[in-house]
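Report on the structure given below.
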Number of protein chains: 2
Amino acid sequence: MKPIEIFKALSNESRLDILRWLKEPEQHFTPHEGIDMREIGVCVSQVTEKLNMTQSTASQYLSILQRAGLIKTERIGKFTYYKRDEEVIRQIGEYLKQEI
Amino acid sequence: MKPIEIFKALSNESRLDILRWLKEPEQHFTPHEGIDMREIGVCVSQVTEKLNMTQSTASQYLSILQRAGLIKTERIGKFTYYKRDEEVIRQIGEYLKQEI
DNA sequence: TTGACATATCGATAATTCACGATATAATGA
DNA sequence: TCATTATATCGTGAATTATCGATATGTCAA
């Protein structure tokens, strides 16, 4: 866990939005290709549309969240799906409580 | 509580150091003017020395932490003392756990 | 009041981040 | 193979951050 990188990733409202949307994906995204959003995740286009920013920005934000370890990715066909890594998110909360 | 501002304040190793030092001030600072560090806090010069950066930088970092609400300040004579705001720190941990 | 010290603030420059458009790469289906 | 679609990456200019030295302000002691 790299706390500084995680806190940087969390220092942006759009990225916080993404994390919150991914917490309850079926509340925030329309179904896609019959994918189980909770199990597999949501793809870049879904996030792009909801973010109301360019595909480029959405992809980069997802990448930042992923490099920080907060989300994980799975490629299925031409789509890349992202979902939260609940364990890492729990850990950073714990870290904040214990170490800061 | 302004989470984005707080996460930005936490996105810097030196500022995390300051917060951690302030958690157990008597472990990290030499006594100063007979002040109870745990009750009142530590002054800018103490932080400056331990940070090994300029007084300017130390003062600004303390100010960033304070504007984020993570520490609070008290002026006594010519010294300004800073100590943690444990309640806000607890809140951001709770926020991370609940809202993110 | 003046001098000395503690702290805050004001530029400044380099580095990083934001958000974009353009383009490259990967996968599919015709 | 080729065209199309999904995603990633590159290069950009504007904005923000990191850190500094210089200076202003505030407080005490002589």
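Each chain gets a letter, A, B and so on, in the order its sequence line appears, and its residues count up from 1.
- Ranking D:dT9, D:dG21, C:dA8 by closeness to the B:Q55 side chain, first place goes to C:dA8.
- Comparing C:dT7, C:dG21, D:dG21 by their closest approach to the side chain of B:S59 singles out C:dT7.
- For DNA chain D, the neighbouring residues in residues 72-81 of chain A, judged by any heavy atom under 4.0 Å, are A:K78, A:F79, A:T80.
- Applying a 4.0 Å cut-off to non-hydrogen atoms, none of the residues of residues 22-50 of chain A approaches DNA chain C.
- Counting to the nearest Å, the C1' atom of D:dT7 and the CG atom of A:L65 are 16 Å from each other.
- Side-chain heavy atoms closer than 4.5 Å link hydrophobic residues (I, L, V, M, F, W, Y) into clusters, and following such links, even through other members, never connects A:F79 to A:L51.
- If you check residues 6-17 of chain B against DNA chain D, the residues with a heavy atom closer than 4.0 Å are B:K8, B:N12, B:R15, listed by number.
- Listed pair B:Y82 / C:dA8 meets the phosphate criterion, a side-chain N or O lying under 4.0 Å from OP1 or OP2.
- Rounded to whole angstrom, the span from the CD atom of A:Q60 across to the P atom of D:dA6 amounts to 19 Å.
- Salt bridge B:R90/B:E87: present, at least one basic N to carboxylate O contact under 4.0 Å.
- Atoms CD1 (B:I4) and P (C:dT17) sit 15 Å apart, rounded to a whole Å.
- For A:S56 against C:dG21, a side-chain N or O and a base N or O form a donor-acceptor pair under 3.5 Å.
- For B:R84 (side chain) and B:L22 (main-chain N/O), no donor-acceptor pair under 3.5 Å exists by modelled atom type.
- The nucleotide whose nearest atom lies closest to any side-chain atom of A:T57 is, among C:dC20, C:dC10, D:dT7, C:dC20.
- Under the 3.5 Å distance criterion, the side-chain polar atoms of B:Q46 are matched with a main-chain donor or acceptor of B:C43.
- Rounding to whole angstrom units, CZ of residue A:R67 and P of C:dT17 are separated by 10 Å.
- Note on B:L96: it clusters hydrophobically with B:V88, by side-chain heavy-atom contacts below 4.5 Å among ILVMFWY residues.
- Straight-line distance from the CE atom of A:M53 to the C1' atom of C:dC20: 10 Å, rounded to whole Å.
- Checked against B:Y81 for a side chain to side chain donor-acceptor pair (under 3.5 Å), the options B:H32, B:K72, B:E74, B:R75 give a single hit: B:H32.
- Here B:E94 does not pair with B:K97 in a salt bridge; the nearest charged N to carboxylate O distance is not below 4.0 Å.
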